[in-house]
Number of protein chains: 4
Amino acid sequence: MKKTNRQLQKEQTREALLEKAFEVFAQRGIMNTRMSDIAQAAGVSHGTVFAHFRTQEVLITEVIETYGRKIALRTHELADSCEHMEEVLAAHLAGIMEFEPFYTRLVIENRLLPLAARDVWVSVQSAISFHFSQVAERERQRGRGIDIPTHLLFNMWVGLVHYYLANSDLFAPEGHVIKRYGKTLIDNYSKLIQRSPEEK
Amino acid sequence: MKKTNRQLQKEQTREALLEKAFEVFAQRGIMNTRMSDIAQAAGVSHGTVFAHFRTQEVLITEVIETYGRKIALRTHELADSCEHMEEVLAAHLAGIMEFEPFYTRLVIENRLLPLAARDVWVSVQSAISFHFSQVAERERQRGRGIDIPTHLLFNMWVGLVHYYLANSDLFAPEGHVIKRYGKTLIDNYSKLIQRSPEEK
Amino acid sequence: MKKTNRQLQKEQTREALLEKAFEVFAQRGIMNTRMSDIAQAAGVSHGTVFAHFRTQEVLITEVIETYGRKIALRTHELADSCEHMEEVLAAHLAGIMEFEPFYTRLVIENRLLPLAARDVWVSVQSAISFHFSQVAERERQRGRGIDIPTHLLFNMWVGLVHYYLANSDLFAPEGHVIKRYGKTLIDNYSKLIQRSPEEK
Amino acid sequence: MKKTNRQLQKEQTREALLEKAFEVFAQRGIMNTRMSDIAQAAGVSHGTVFAHFRTQEVLITEVIETYGRKIALRTHELADSCEHMEEVLAAHLAGIMEFEPFYTRLVIENRLLPLAARDVWVSVQSAISFHFSQVAERERQRGRGIDIPTHLLFNMWVGLVHYYLANSDLFAPEGHVIKRYGKTLIDNYSKLIQRSPEEK
DNA sequence: CATGAATGAGATTTCATTCAT
DNA sequence: CATGAATGAAATCTCATTCAT
């Protein structure tokens, strides 16, 4: 019982660190955040961070893993019951929106992250693409689809969304890109891909 | 006269620095390149770099300005006589391909660059969008276009291209994304936007 | 009664710590061993080490004291009945051999140890020298000795042995210096000191 | 010419750093000296040390290399013309004495040094053993030697000397072990090995 | 002007020691 | 007492920038 208490406390500190790191990363950027920033944000000493995460790389990777999983999970939840493409897209954006500042950082720093972290990030993308592909396939069978490979359709969509996020400072200096452009993006992208096939 | 000679000399050193910085940036990344790397690549002393560019930020900005302008110019040249959208897209990619490693770095590090550098980068994008818009408008008038705002069409295209470049390590580890995927991207994107409008 | 139990328990933990520290010191070196290594080896918590030994220095000193005493004692046992110098030398090496890895560490780190630890180490040497001197004196009286001060003879012997131990990595990378060189050292050293005195 | 000046200045700083490091090492010990101690002793900034020696290990190795070479060289000089073993031993000790505090640190920390440094140190020992072996062989041929392998005789001698140095704090707290014991060591060691061979 | 040696403000990481539970 | 989470004082190393020559 006592043991459980201590473990709980440690677990709490760990969670607090992950959470604060998540917040600080979202705010200041991932690679620009010093270990001491996180310690400070979590109200613990410098050394404590290292007691929980052996190196900076480990911390970064775990934060991305943790919240990447959350994002993927949430997207699953939201997208699971979707019938039509519009719904999937909306679910995707809704999932992102809940973590927008952090997700945006991932988009921005993507290639500069430690390799392990990048791997995690890639797996998050895969999770998202799953639902997209499924619905795309279904629509295709219904004859509503178009003759463009699904993965390319997905890349177009993600490319579009990431483009807006990557340039969030231009598109939405106040920071809410999805809120401001989400509907537009969905509408236009849908319109583009869902027109009935060309007719002679 | 002597003065002129000296100025000439200085100008030459400056050009050499810009060029070598461009090369090293393309290779090692922009923010990961040390001032001394550039000095070494240019065969001048470490201090000389600072004689020409007061700070690292200034150097980075000027390199991006210089080569951004070149990229924009080249795109103009290539896209100027284009009649159809496919041609514009091809011109765009051709322009990028000539500077692919450096351009890719800009895509990747975009938001981490000094602000001034980012401004420059934005202006490069504008230059490119100009031709796109012009042809899009023309096609629209000819009845071949679709009822999606041109800037969105552009963002989709650029988003798609940048998505491939930003993930070049996954898509084309050998480093030639455009060569490998250029045609695919153009074909599919064109197919998507150029189908005759829906008919009742 | 309960108290006694507890004291017993405590005493046991203390012994376990000393023993495990001894083992870890022999393996990883004394000054290179972290307090937490010892805790781990002993299967107790990090803090427990400090409950038994106020500081690292105290722990090191007590380990050396404890095992130094053991080494000295064992040497006494082995050397006690020795008649001839060869026997004493053999006893000495036999004593060392039983603790070779740890003893070697003492030789190597000798001067870098906390002062108290060093004092202990010196006293171990004295214990060993006692038997050496006794036999040397006896042989001298029998006319078999030579006219070199006993303490110098001892220092030569110890110097020789320690030289091999201190360079164990060169002499016996597998780690058994005494096993490999013990006989050679004894034979040659004996030959040197035990030749009958010069004769005209 | 100007270039020569700058180079000279750099060389001077480098030499100063090596020299001060040598002094500080002799005083405080090698592994216990912080890079900043050396910077301070040399009157330069912390970063300067790293400008000249990429890592601590490199610095340590170079100091040992430099002064190791000096010690070996000096020993060569002193031992070169020696006819008899006593002279060689005296030369050896004289060579050591000129660098006693530093040499003592090498003896003490030997096994704790970075591997590269240890290699250097081993090569210094080899250099010294060369003269010893040469004279020993000569004496052997003259019939003055004894039937103990030369390398063992050398190890006995070096073991003896190092034993005194390693325990300098006990033997000569004022720090001049060789001055105090040199003659004694030579005399007794010589007496031991140079007695005419046993006679029946 | 060019040079490149020197500077010093950080950043990460380690580990003995403390102390609340 | 035992526990082990938290602490924080060091120590190494990097690199943009300065400045005497």
Side-chain angles (χ1 to χ4, degrees), chain A residues 1-14 32-37 39 42-57 59, chain B residues 3 6-7 9-10 13-14 32-40 44-57 59, chain C residues 3 6-7 9-10 13-14 32-40 44-57 59, chain D residues 1-14 17 32-37 39 42-59:
Chain A
M1 209 49 167
K2 213 161 228 166
K3 210 174 170 186
T4 303
N5 260 341
R6 293 303 281 285
Q7 284 181 334
L8 203 70
Q9 184 174 323
K10 182 170 189 185
E11 195 53 33
Q12 277 173 0
T13 303
R14 191 190 153 86
N32 284 329
T33 296
R34 308 188 295 284
M35 292 301 260
S36 59
D37 290 336
V44 300
S45 87
H46 188 176
T48 297
V49 183
F50 288 91
H52 288 269
F53 307 92
R54 219 163 37 68
T55 65
Q56 190 178 39
E57 183 171 331
L59 169 63
Chain B
K3 209 176 171 186
R6 256 195 149 163
Q7 285 179 332
Q9 165 77 22
K10 186 173 180 186
T13 301
R14 190 188 153 84
N32 285 328
T33 295
R34 306 188 224 75
M35 292 300 263
S36 59
D37 291 335
I38 294 165
Q40 196 173 35
V44 301
S45 83
H46 189 176
T48 296
V49 184
F50 288 87
H52 288 273
F53 307 92
R54 214 164 40 70
T55 67
Q56 191 178 36
E57 182 171 330
L59 168 63
Chain C
K3 208 175 170 187
R6 252 193 150 164
Q7 285 179 335
Q9 165 78 23
K10 184 172 181 186
T13 302
R14 191 189 152 83
N32 284 330
T33 296
R34 305 189 224 76
M35 291 301 262
S36 60
D37 291 335
I38 294 165
Q40 196 173 37
V44 300
S45 83
H46 189 176
T48 296
V49 184
F50 289 87
H52 288 273
F53 308 93
R54 215 165 38 70
T55 66
Q56 192 177 38
E57 182 171 330
L59 169 63
Chain D
M1 208 47 168
K2 213 161 228 168
K3 210 174 171 185
T4 303
N5 260 342
R6 294 302 283 282
Q7 284 181 334
L8 202 70
Q9 184 173 323
K10 182 169 189 184
E11 195 54 35
Q12 277 173 359
T13 301
R14 190 190 153 84
L17 282 171
N32 285 328
T33 296
R34 309 188 293 284
M35 292 301 261
S36 59
D37 290 335
V44 300
S45 87
H46 187 177
T48 298
V49 183
F50 288 91
H52 287 270
F53 306 93
R54 217 164 37 69
T55 66
Q56 190 178 38
E57 182 171 331
V58 167
L59 169 62

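Computed from a predicted structure; not experimentally measured. Proteins come first, then strands; the chains are lettered A, B, ... in the order of their sequence lines, and each starts at number 1. Every heavy atom of this structure was used, including side-chain atoms; hydrogens, water molecules and symmetry mates were not.
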Would you mind reading off the distance between [X] atom [atom1] and [N] atom [atom2], rounded to a whole angstrom?
{"X": "C:H52", "N": "E:dA16", "atom1": "NE2", "atom2": "P", "result": "18 Å"}
{"X": "C:Q56", "N": "E:dA16", "atom1": "CD", "atom2": "P", "result": "5 Å"}
{"X": "A:H46", "N": "F:dA9", "atom1": "NE2", "atom2": "C1'", "result": "11 Å"}
{"X": "C:F50", "N": "F:dT7", "atom1": "CZ", "atom2": "P", "result": "17 Å"}
{"X": "B:M35", "N": "F:dT18", "atom1": "CE", "atom2": "C1'", "result": "13 Å"}
{"X": "C:R54", "N": "E:dC19", "atom1": "CZ", "atom2": "P", "result": "14 Å"}
{"X": "D:L8", "N": "E:dG4", "atom1": "CG", "atom2": "P", "result": "15 Å"}
{"X": "C:R14", "N": "F:dA2", "atom1": "CZ", "atom2": "C1'", "result": "16 Å"}

Discussion item. With rounding to the nearest 0.5 angstrom, report the CZ to CG distance, B:R14 to B:L59.
Written reply: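 Interatomic distance, B:R14 CZ to B:L59 CG, rounded to 0.5 Å: 9.0 Å.
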Worksheet item: What distance do B:F53 atom CZ and B:T48 atom OG1 have between them, rounded to the nearest 0.5 Å?
Response: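 OG1 of B:T48 is found 11.5 Å from CZ of B:F53.
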Of all heavy-atom pairs between [X] and [Y], which one has the smallest distance, and what is that distance?
{"X": "B:M35", "Y": "B:V49", "answer": "CE-CG1, 3.7 Å"}
{"X": "A:N32", "Y": "A:D37", "answer": "O-OD2, 4.3 Å"}
{"X": "A:H52", "Y": "A:T13", "answer": "NE2-CG2, 3.5 Å"}

Discussion item. The side chain of D:T13 is closest to which nucleotide in this list: F:dG8, E:dA6, E:dT3?
Written reply: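 The nucleotide sitting nearest to the side chain is E:dA6.
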Worksheet item: With respect to the side chain of D:V44, which nucleotide from F:dA5, E:dT7, F:dG8 is positioned closest?
Response: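 In terms of side-chain proximity for D:V44, the closest of F:dA5, E:dT7, F:dG8 is E:dT7.
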Discussion item. For B:T48 and C:N32, find the nucleotide of DNA chain E closest to each by heavy atoms; which residue's nucleotide sits nearer the 5' end?
Written reply: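 Result: B:T48.
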Worksheet item: Where each residue is assigned the nucleotide of DNA chain E containing its nearest heavy atom, which of A:T55 and D:G47 is assigned the position nearer the 5′ end?
Response: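 Residue closer to the 5' terminus by nearest nucleotide: D:G47.
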Item to complete: Identify the nucleotide, in any strand shown, that forms a Watson-Crick or G-U wobble pair with E:dC1, with both distances under 3.5 Å; if there is none, say none.
Response: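 In the structure as shown, E:dC1 has no Watson-Crick or wobble partner.
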Discussion item. Need the pair for F:dA6. Rule: Watson-Crick or G-U wobble, both distances under 3.5 Å, any strand; none if unpaired.
Written reply: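 Across all strands, the one nucleotide that pairs with F:dA6 is E:dT17.
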Worksheet item: DNA chain F: C:A51 or A:S45, which has the more 5' nearest nucleotide?
Response: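 Counting from the 5' end, the first nearest nucleotide belongs to C:A51.
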Fill in: Residue whose closest nucleotide on DNA chain F lies nearer the 5' end, B:T33 versus D:R34
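It is D:R34, whose closest nucleotide lies nearer the 5' terminus.
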